Amino acid sequence: MTRFALFGAGLIGKVHANNIAAHPRATLQYVYDINTEVVGQVVSRLGAHVVSTPEEIWTVDDVDAVLIASSTNTHADLLSRAIQARKPAYCEKPIDLNMERVKAVVQEAYHSNVSIMIGFSRRFDSNHLGVREAIQDGTIGKVEMMHLTSRAQEPPPISYVKVSGGQLRDQTIHFFDLACWLAGEAPVEVYTAGAVLVDPAIGEAVDVDTSMVILKMASGALCHIDSSRRTAYGYDERIEAFGSKGMVQSMRKPMREVALYTGTKVISDGLHPAWFDRLAPSFALALDAFISTVEGSEGCLPLADGWIARPDNCGGRARIVARESTGQDYLLAA
């Protein structure tokens with residue numbers, strides 16, 4: 001039985017708390033959050049204990065692993081403390097918004113041999129796994145192009161936008177990770193264009209709400225990622241990989257696989273109203289993979305993948321050119 005301490009009891013923290021409590025080989029021991037009212041609701045419902053400071057977690061002897069779902073600015077410090085305490089850690093993305101801090105934590109983990117998993121849960125989506133299998137077993141031949149779509153149903157609150165690190169680091173980061181994972185390689189060139197088309201307040205927060213990214217992989221394969229903070233038809237996520245022998249798709253996923261045929265019309269169910277409705281099962285599957293790692297039965301996502309998936313790094317080898325909404329190019333990294 002893997003005994004967990006959870007940092008963060010917000011939206012994603014509650015998801016992880018529920019999944020830990022429901023897992024047959026895990027138990028939720030402790031929860032910490034600066035919002036005492038929220039954390040109280042979680043522990044009273046799931047039977048865990050509240051801790052008043054993060055330091056308490058590192059001194060108890062009944063915690064086998066930690067799950068970090070607190071605000072982004074706490075991730076790197078908590079990961080570092082987990083490594084020092086030799087506690088396996090599952091951490092939500094991103095590791096940090098500062099590249100040098102990310103590098104330091106990755107190096108610290110590398111030398112410690114402590115199991116660390118970054119929460120790129122989309123790798124555990126059954127549809128996306130089907131795309132990877134078709135690539136890996138050679139069914140579609142050599143990958144030449146990929147197209148990934150990430151379109152949220154509505155923008156997050158402006159208060160969140162201001163601390164998120166921006167659309168590329170908050171929303172598109174999952175698809176940078178998927179692109180590298182599917183292709184089995186990191187990009188050597190990255191081009192991106194962004195605009196504010198959904199909400200002017202997002203632009204005032206020095207961010208974009210609509211973006212397109214082109215990745216050129218080391219093999220020469222090209223990958224396009226389009227992201228939007230708003231659709232008028234539900235949550236839209238899909239992947240297409242085009243190869244020398246064929247093509248494979250992870251399709252839009254409707255709420256139900258039901259189609260009504262009447263007269264001259266075919267009426268199908270629409271898409272999920274929100275991203276979590278579409279992706280909820282992948283969170284439980286990712287947690288299960290992490291628990292298996294803690295138990296010693298299999299590996300998990302390397303911490304370094306959380307570094308590679310950053311748009312301003314892309315494996316540390318990419319030349320990254322961004323184009324502002326004004327049309328001016330500037331070099332982000334080389």
Side-chain angles (χ1 to χ4, degrees), residues 11-16 18-20 22-23 67 69 90-94 117-137 139-140 143 145-153 167-185 213 215 223-229 231 233-243 246-258 268-293 298-302 305-306 308-309 311:
L11 173 63
I12 298 301
K14 290 175 183 174
V15 170
H16 287 302
N18 292 337
N19 286 338
I20 292 169
H23 198 285
L67 200 152
Y90 180 121
C91 182
E92 278 297 328
K93 59 79 191 167
M117 177 169 169
I118 302 301
F120 290 125
S121 57
R122 281 170 173 79
R123 292 191 184 193
F124 297 88
D125 179 82
S126 59
N127 289 8
H128 299 346
L129 278 167
V131 173
R132 178 174 162 86
E133 289 166 4
I135 292 172
Q136 287 195 319
D137 65 18
T139 301
I140 66 166
V143 173
M145 293 190 294
M146 292 194 298
H147 187 173
L148 294 83
T149 289
S150 167
R151 299 175 188 169
Q153 72 285 0
Q167 185 184 43
L168 296 182
R169 290 173 176 168
D170 176 55
Q171 179 182 359
T172 314
I173 187 173
H174 287 286
F175 298 85
F176 282 115
D177 176 66
L178 284 173
C180 296
W181 176 65
L182 291 169
E185 57 182 342
V213 178
L215 309 177
C223 175
H224 174 262
I225 305 172
D226 73 83
S227 303
S228 174
R229 288 291 198 183
T231 72
Y233 54 86
Y235 181 72
D236 186 359
E237 176 173 321
R238 49 205 151 92
I239 298 172
E240 175 184 298
F242 174 84
M247 179 181 72
V248 60
Q249 294 179 322
S250 174
M251 307 290 287
R252 291 185 177 99
K253 200 168 185 178
M255 289 184 289
R256 298 182 304 170
E257 298 288 348
V258 176
S268 300
D269 275 8
L271 304 180
H272 291 281
W275 67 268
F276 184 72
D277 300 287
R278 161 69 177 82
L279 294 163
S282 66
F283 280 82
L285 291 169
L287 176 68
D288 182 70
F290 175 70
I291 291 171
S292 295
T293 298
E298 64 179 52
C300 63
L301 307 187
D305 285 3
I308 293 171

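The shown structure was predicted, so the numbers you read here are calculated from the model rather than taken from an experiment.
- Exactly one residue among Arg122, Gln171, Gln167 makes a side-chain hydrogen bond (donor to acceptor under 3.5 Å, both in side chains) with Ser150. That residue is Gln171.
- Annotation: Met251, atom CE; neighbour count of heavy atoms from other residues, nucleotides and ligands within 6.0 Å does not exceed 12.
- Within the 4.5 Å cutoff, the side chain of Asn19 has heavy atoms near those of the Val15 side chain.
- In this structure, the separation between CG on Asp269 and CZ on Arg256 is 4.0 Å, given to the nearest 0.5 Å.
- Contact record, Ala179 with Leu215: CB-CD1, 3.8 Å, taken as the closest heavy-atom pair.
- Side-chain atoms of Arg132 come within 3.5 Å of backbone atoms of Trp181 as a donor-acceptor pair (strictly under, hydrogens ignored).
- Between the CG atom in Leu182 and the CD atom in Gln136 there is a gap of 9.0 Å [rounded to 0.5 Å].
- Between the side chain of Lys253 and the main chain of Arg238, no donor-acceptor pair closer than 3.5 Å is present.
- When side chains are defined from C-beta on, Thr293 does not count as touching Met117, because their heavy atoms never get closer than 4.5 Å.
- The two residues Gly13 and Ala69 have their closest heavy-atom pair at CA-CB, 3.8 Å.
- Atoms CE and CG, from Met146 and Leu178 in turn, are 9.0 Å apart once rounded to the nearest 0.5 Å.
- Shown here for Pro281 and Arg278, the closest heavy-atom pair between the two residues is CD-O, 4.2 Å.
- Among the candidates His272, Arg252, Arg151, His128, the single residue satisfying the side-chain hydrogen bond (donor to acceptor under 3.5 Å, both in side chains) test with Glu237 is His128.
- Note that NE2 of His16 and OG of Ser121 are 7.5 Å apart. Values are rounded to the nearest 0.5 Å.
- When side chains are defined from C-beta on, His147 counts as touching Asp226, because their heavy atoms get closer than 4.5 Å.
- In this structure, CD1 on Ile239 lies 5.0 Å from OG on Ser250, to the nearest 0.5 angstrom.
- Taking all atoms of both residues into account, the shortest heavy-atom contact from Ser282 to Phe124 is O-CB, 3.9 Å.
- Residues Leu287 and Leu67 have side chains in contact (heavy-atom distance under 4.5 Å, counting atoms from C-beta outward).
- Within the 3.5 Å criterion, the main-chain N or O of Phe175 finds no donor-acceptor partner in the side chain of Thr172.
- What you find for Gln249 and Val131 is that their closest heavy atoms are C-CG2, 3.9 Å.
- The shortest side-chain heavy-atom distance between Lys93 and Asp170 falls under the 4.5 Å cut-off.
- Proximity of a side-chain donor or acceptor of Asn18 to a complementary backbone N or O of Lys14 within less than 3.5 Å is detected.
- For Leu168 against Phe176, the heavy-atom pair with the smallest separation is O-CE1, 4.1 Å.
- Aromatic ring orientation, Tyr90 versus Phe290: perpendicular (interplanar angle above 60°, classes split at 30° and 60°).
- Distance check, rounded to the nearest 0.5 Å: CG of Asp236 to OG of Ser228 gives 9.5 Å.
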